[in-house]
Each structure stands twice: as structure tokens, then as C-alpha cells.
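Here the structure is laid out as C-alpha cells; the discussion comes afterwards.
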Amino acid sequence: MQEPNNQEVTVMGWVRTFRNNQFIALNDGSTNNNLQVVVELGKYDDDFLKRITTSASIKTTGLVIPSMGKGQKLELKATHIEILGDSDAEKYPLQPKKHSLEFLREIAHLGFRTNTFGSVFRIRHSLAYAVHKFFNDKRFVYMHTPVITASDAEGAGEMFKVTTLPFDNTPRNEDGSINFKEDFFGKATNLTVSGQLEGELGATAFGDIYTFGPTFRAENSNTARHLAEFWMIEPEMAFYDLEDNMNLAEEFIKYIIQYAIDNNREDLEFLAQRLADEEKQLPQDKRSEMGLVEKLEFVLNNNFERLTYTDAIEILKESNHNKKKKFQYPVTGWGMDLQSEHERYLVEKHFKKPVILTNYPKEIKAFYMRQNDDDKTVAAMDILAPGIGEIVGGSQREERLDKLEQRMKEMHVPVEEMWWYLDTRRFGTVPHAGFGLGFERMVQFVTGMTNIRDVIAFPRTPKSAEF
Ligand code: 4AD
Ligand code: MG
């Protein structure tokens with residue numbers, strides 16, 4: 001902004017506060033900083049001034065002058081004010097004071113008008129842009145994979161059904177099962193849990209692709225890290241092995257963090273302060289060791305710790321935490337699935353930085369992961385982040401047709417129906433790898449918001465689909 005020198009400007013926005021019938025704090029959504037609009041005393045009658053209430057929208061023209069008051073360099077000396085939309089102060093749910101996040105979730109339709117969500121969603125926007133920029137600069141092709149599919153990409157059965165069949169008088173086969181031939185698509189369909197399988201079709205033609213779209217999981221997990229509808233970024237790269245995959249994922253995460261630091265400094269600092277204030281209520285040992293911006297810079301400046309699942313189990317088993325039985329799920333040994341408390345112990349207590357775990361037991365991972373020579377593990381990798389737990393899940397893919405088919409049969413994945421997927425292995429198969437980054441978990445990490453419901457505008461969770 002130029003130095004204030006009496007230039008005339010017209011601005012539009014929403015009133016945050018109106019003080020002494022003289023000072024309007026006006027906000028246009030571009031930043032949490034308000035513009036102070038100074039109303040000339042005596043120029044307007046009381047009836048007009050009464051309409052300048054919190055959240056009324058106004059259009060005002062005036063002169064930009066240096067501000068005498070504290071807290072701002074310049075202000076607008078209004079020569080003309082027009083009220084575009086009144087806002088009944090009695091009925092407007094947001095008061096110019098701090099509201100709890102629980103309360104704000106109930107009025108999510110107005111949440112963007114608060115400083116906290118203003119900052120969060122401007123950063124969310126920036127991160128989404130950074131995702132596209134990162135891959136576009138590397139010449140990846142952005143693929144739009146279907147939202148409605150007939151397959152279960154993760155083989156976990158956590159799908160929302162998509163159907164137009166009636167609930168009563170549902171058409172049935174002779175054996176009593178539902179006759180999906182009568183359904184809209186002529187077969188059973190669901191909302192996608194991942195665009196990966198279609199992504200692999202793209203990668204085996206374009207080389208490098210990525211997806212970025214909504215995914216749906218009907219898992220009944222009521223936690224601060226799970227949504228039923230979340231956005232996922234899934235790059236898939238031909239000719240990549242597991243190590244290439246990890247390198248790309250680490251570079252990618254650091255890139256988008258750097259992007260936020262470079263472009264959202266003000267909003268990050270606002271959220272850092274908010275977090276620090278919130279943590280003041282916690283006992284010392286529950287507070288973060290680093291401030292938000294400090295934490296992000298620390299992640300940028302350090303390599304992620306890489307170790308195998310097998311080594312991680314050893315660390316967990318031998319930890320005092322486990323020996324003192326402080327885990328809700330005790331560490332029983334090799335083969336067990338890691339709970340988020342275990343992941344967070346490794347990241348927050350043991351290594352104190354992001355961790356990439358590799359080579360998990362094949363029994364706890366999806367059918368498409370490449371089988372290692374030991375016959376026990378697959379070339380999987382999960383990235384675990386402080387305060388979040390798993391933020392990325394990925395793997396090198398099984399490119400060998402016979403091994404893939406065998407694994408699908410073992411895991412009861414319908415081989416026949418997936419003929420199109422298996423064709424990539426029939427016609428010019430190549431080593432390839434990819435991963436999925438949960439976008440909301442990434443936004444959580446960057447903004448420091450502790451509940452995933454506060455980084456997506458209209459969260460979908462068990463028993464909740466308001467707005
Ligand atoms: O580990 P997931 O299930 O992996 C896949 O879907 C693979 N197809 C990815 C790939 O290799 N292309 O999910 C990937 C990431 C998780 O690490 C997590 O960050 C996020 O997606 N995620 C969720 N985020 C919010 N709510 C949920 N219910 C999530 N489930 C997974
Ligand atoms: Mg996973």
C-alpha cells in the first residue's frame with residue numbers, strides 16, 4: 001500500500017464493530033486486519049448510525065489519511081456511506097468477542113466471518129493452490145477421477161452406496177439378494193474411497209499424474225482426524241520405486257509448508273497466537289514445545305526420519321511408555337497394526353520430527369502394494385506428522401500380474417471385475433509408485449487446528465451433515 005496521501009477510494013465490506021458513533025472497523029475478507037473508517041460527527045442522523053451494526057454491509061467513499069489512533073497506519077475519512085445490507089444486531093449470532101469452536105461449528109454458515117476461520121480458509125486456499133503449482137511445475141498431469149465408482153480401491157469395505165433403487169419393494173433376485181441390474185448403473189456402485197486405481201491408469205500412459213478431489217469413507221470414526229468426506233491428493237508415478245516415492249512426498253510436504261510461510265505469514269501468525277493463548281490453559285507438559293511458525297520451520301529444515309515398520313515395533317516395544325503400560329493398545333509385537341497413539345509416540349516423543357515408516361506386514365496393507373522378497377512385507381510407506389499422526393499413505397505398486405492376481409485372490413478382491421486395472425499389468429507394465437496426502441490433515445498441520453472439523457467448511461462426520 002502506498003503512503004496515505006488523501007487519495008479518494010471506495011471500499012466495500014462488513015462492519016466488525018462500530019465504536020463511539022465514529023469508528024467503523026470494516027473488513028472485506030482479504031485479511032483479518034480491519035480498515036478503520038472514520039465517520040464525521042454530526043454528519044449523519046441517529047437513525048442512520050443505528051444501522052451501522054456488526055455484520056451490516058456497507059459501501060463507503062473517503063480519503064485515505066494517516067491515522068492518529070493506535071493499531072493502524074492509515075484510516076479512511078468517510079465522505080459518503082451507503083448501507084448495502086442491514087444486520088439485526090439482536091439476531092446476529094456472532095458477537096465481536098471470542099466464541100468457542102464448538103459454538104462456531106453450529107453456525108458454520110457464518111464461520112468465515114470470524115478471524116480464526118478467515119485465517120484457516122485463506123490458508124486452505126493457498127495450500128490447494130500450492131498443490132497444483134508443485135505438480136504443474138513438475139509437469140504432472142492433473143487427472144479428474146470419478147466420484148461414483150463400482151470398485152473399492154482400498155478393499156476395506158468402507159463405502160457409501162450410490163443407488164436409485166427404492167427402499168421398499170427393492171427388486172430382488174431369486175435368492176433374495178438385491179438385483180442391482182435394475183439400479184441406475186445396472187450394477188452396485190459407491191462413492192469413491194480413493195482415485196488411485198484410475199490414477200494408475202493415467203500414470204501408465206502419462207508417466208506422472210496427480211488427482212485432487214473429494215473422497216468418502218463410511219468408517220464410523222468419531223475422532224479429531226477423521227471425516228466421512230475429505231479431500232485427497234494422489235500422485236502416481238511410472239518408473240518410481242519406494243525411495244523415489246518417499247523423496248517426492250517429503251519434497252511435496254515441505255513445498256506446501258514453504259508456500260504458506262511465504263504467502264500467508266499474517267494469517268499464520270494470527271493462528272500461532274491463537275494456539276499459544278489456547279495452550280496457556282493447559283498444564284506445562286501438555287503445551288507444544290514450539291510455536292506454530294517455529295514448528296513449520298523446523299519441519300522444513302530437517303529430514304524426515306525414515307525407518308522400517310519392524311524397527312518401529314522394536315522401539316515401541318522397548319519404550320518405557322509401553323513397559324509402564326501407558327498405551328491404551330499395548331504393543332504386542334510384529335504384525336500388529338499401529339494405532340494413532342503409537343504413531344504419535346514415535347513422532348512426538350521418540351524422534352520429535354516427521355517420520356516415514358516403510359515395509360509394513362502385508363496382512364495390514366492393501367492388495368495393490370508391491371510384495372517384498374521376504375514374503376512377509378510390502379513396499380508401503382506412511383508419513384507420520386507431529387500432532388496429526390498419519391498424514392500420507394502410499395506404496396510402490398505390485399506391477400507383476402501373477403503376484404497381483406494371487407494377492408487379490410487371497411484378499412478376496414474381485415479379480416474379474418477389475419479386468420481394466422489388471423490390463424495395465426498385461427500391456428507394458430512398469431514399476432510405479434504413488435501416495436495419498438489427506439488434504440485436511442495437511443491443513444490441520446499448517447494451521448495448528450486441533451480438530452479436523454475446523455479445517456473443512458462443512459464437515460461430514462457420523463450423525464452430522466448440516467449445511
Ligand atoms: O492411507 P489411505 O487410506 O491411502 C489411500 O487411500 C491410498 N489409495 C493412497 C495412495 O497410495 N494413492 O489414505 C491416504 C491419506 C491418509 O494418510 C490420511 O491423511 C487421509 O488420506 N485420510 C483421511 N483424512 C481424513 N479423514 C479420513 N477418514 C481419512 N482417511 C484417510
Ligand atoms: Mg493409510
Side-chain angles (χ1 to χ4, degrees), residues 127 131 135 140 143 145 149 151-160 191-203 208-237 240 242 245-246 248-249 252-253 256 309 337-340 342-343 347 354-358 360-361 364-370 378-385 387-398 413 421 432-446 449 451-456 459-462 464:
L127 298 183
V131 166
F135 288 117
F140 279 53
M143 257 181 85
T145 51
T149 75
S151 57
D152 178 1
E154 290 303 301
E158 292 169 332
M159 298 171 300
F160 288 101
L191 294 178
T192 187
V193 294
S194 156
Q196 179 195 320
L197 303 190
E198 291 88 355
E200 287 184 55
L201 308 180
D208 300 327
I209 66 94
Y210 72 106
T211 72
F212 186 179
T215 44
F216 307 86
R217 304 237 171 137
E219 52 186 334
N220 201 1
S221 301
N222 232 327
T223 78
R225 332 227 169 279
H226 286 90
L227 292 165
E229 175 179 309
F230 65 98
W231 287 65
M232 184 154 58
I233 298 121
E234 295 186 277
E236 192 71 33
M237 297 74 61
Y240 267 49
L242 188 65
N245 202 26
M246 289 192 275
L248 183 77
F252 174 49
I253 288 175
I256 45 187
Y309 163 91
D337 205 354
L338 295 181
Q339 300 295 326
S340 98
H342 305 133
E343 299 176 336
V347 172
V355 169
I356 313 185
L357 288 189
T358 58
Y360 283 72
I364 56 172
K365 287 293 182 187
F367 67 91
Y368 50 71
M369 297 192 179
R370 194 174 197 280
V378 286
M381 64 115 176
D382 276 8
I383 303 187
L384 317 176
I388 308 285
E390 181 190 334
I391 193 162
V392 161
S395 71
Q396 187 172 336
R397 316 306 189 192
E398 184 54 85
V413 178
Y421 179 66
H432 63 290
F435 63 85
L437 171 76
F439 187 56
E440 283 74 19
R441 292 193 187 170
M442 189 68 216
V443 181
Q444 264 192 291
F445 186 71
V446 173
M449 299 300 284
N451 195 320
I452 199 165
R453 291 169 176 81
D454 298 323
V455 298
I456 187 163
R460 298 313 182 223
T461 52
S464 165

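As the structure lists them, so they are numbered: ligands from 1, and atoms in each ligand from 1.
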For ligand 1, is any non-hydrogen atom under 4.0 Å from [X]'s backbone (N, CA, C, O), its side chain (CB onward), both, or neither?
{"X": "V392", "result": "backbone"}
{"X": "E390", "result": "both"}
{"X": "F230", "result": "side chain"}

To check your reading of the model: name the closest protein heavy atom to [atom], its residue, and the distance in Å.
{"atom": "atom 6 (O) of ligand 1", "result": "R217 NH2, 2.8 Å"}
{"atom": "atom 20 (C) of ligand 1", "result": "G438 CA, 3.6 Å"}
{"atom": "atom 18 (C) of ligand 1", "result": "R441 NH1, 3.5 Å"}
{"atom": "atom 15 (C) of ligand 1", "result": "G436 O, 3.6 Å"}
{"atom": "atom 4 (O) of ligand 1", "result": "E154 OE1, 4.0 Å"}
{"atom": "atom 14 (C) of ligand 1", "result": "M232 SD, 3.4 Å"}
{"atom": "atom 19 (O) of ligand 1", "result": "I391 O, 2.8 Å"}
{"atom": "atom 26 (N) of ligand 1", "result": "L227 N, 2.9 Å"}

State, to 0.1 Å, how close T149 and E198 come at their nearest heavy-atom pair, and which atoms those are.
CG2-OE2, 3.9 Å
Residues E200 and Y421: closest non-hydrogen pair is OE2-OH, 2.8 Å
Is it true that the side chains of [X] and [Y] contain a donor and an acceptor less than 3.5 Å apart?
{"X": "E234", "Y": "S194", "value": "yes"}
{"X": "R397", "Y": "S395", "value": "yes"}
{"X": "Q396", "Y": "H432", "value": "no"}

Ligand-side contact atoms (ligand 1) for residue partner [X], heavy atom cut-off under 4.0 Å:
{"X": "G394", "value": "11 (O)"}
{"X": "R397", "value": "10 (C), 11 (O), 12 (N)"}
{"X": "E219", "value": "27 (C), 28 (N), 30 (N)"}
{"X": "G393", "value": "1 (O), 9 (C), 10 (C), 11 (O), 17 (O)"}

Heteroatom N/O/S of D382 within less than 2.8 Å of the Mg ion (ligand 2):
no
So, do I256 and M442 sit near enough that their side-chain heavy atoms are less than 4.5 Å apart?
yes
Would you say that D382 contacts I356 through its side chain, given a criterion of any heavy-atom pair below 4.5 Å between the two side chains?
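A side-chain contact under 4.5 Å is absent here.
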With the threshold set at 4.0 Å, does a side-chain nitrogen-carboxylate oxygen contact exist between K365 and D337?
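Not counted as a salt bridge, because no side-chain N and carboxylate O are separated by less than 4.0 Å.
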Starting from the C-alpha separation in whole Å, work towards a yes-or-no answer on side chain to side chain contact (heavy atoms under 4.5 Å, CB included) for F230 and F216.
CA-CA 6 Å; F230 65 98; F216 307 86; over 6 Å; no
Tell me which one of L437, I456, V131, T215 satisfies side-chain contact (heavy atoms from CB on, under 4.5 Å) with W231.
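When L437, I456, V131, T215 are each tested with W231, the side-chain contact (heavy atoms from CB on, under 4.5 Å) holds only for I456.
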Give the ring-plane orientation class for F135 versus F140, where under 30° counts as parallel, over 60° as perpendicular and anything between as tilted.
tilted
Below 30° counts as parallel, above 60° as perpendicular, anything between as tilted: where do the rings of F212 and F439 land?
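Perpendicular.
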Going by the closest heavy atom to atom 9 (C) of ligand 1, which one wins out of M369, E234, Q444, M381?
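Heavy atom nearest to atom 9 (C) of ligand 1 belongs to E234.
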Quick one: does [X] get within less than 4.0 Å of ligand 1, heavy atoms only?
{"X": "Y368", "result": "yes"}
{"X": "E440", "result": "no"}
{"X": "R225", "result": "yes"}
{"X": "E158", "result": "no"}

Ring centers of Y309, Y360 separated by less than 6.0 Å
yes
Answer key: the N, O or S atom of E390 nearest to the Mg ion (ligand 2) is OE2
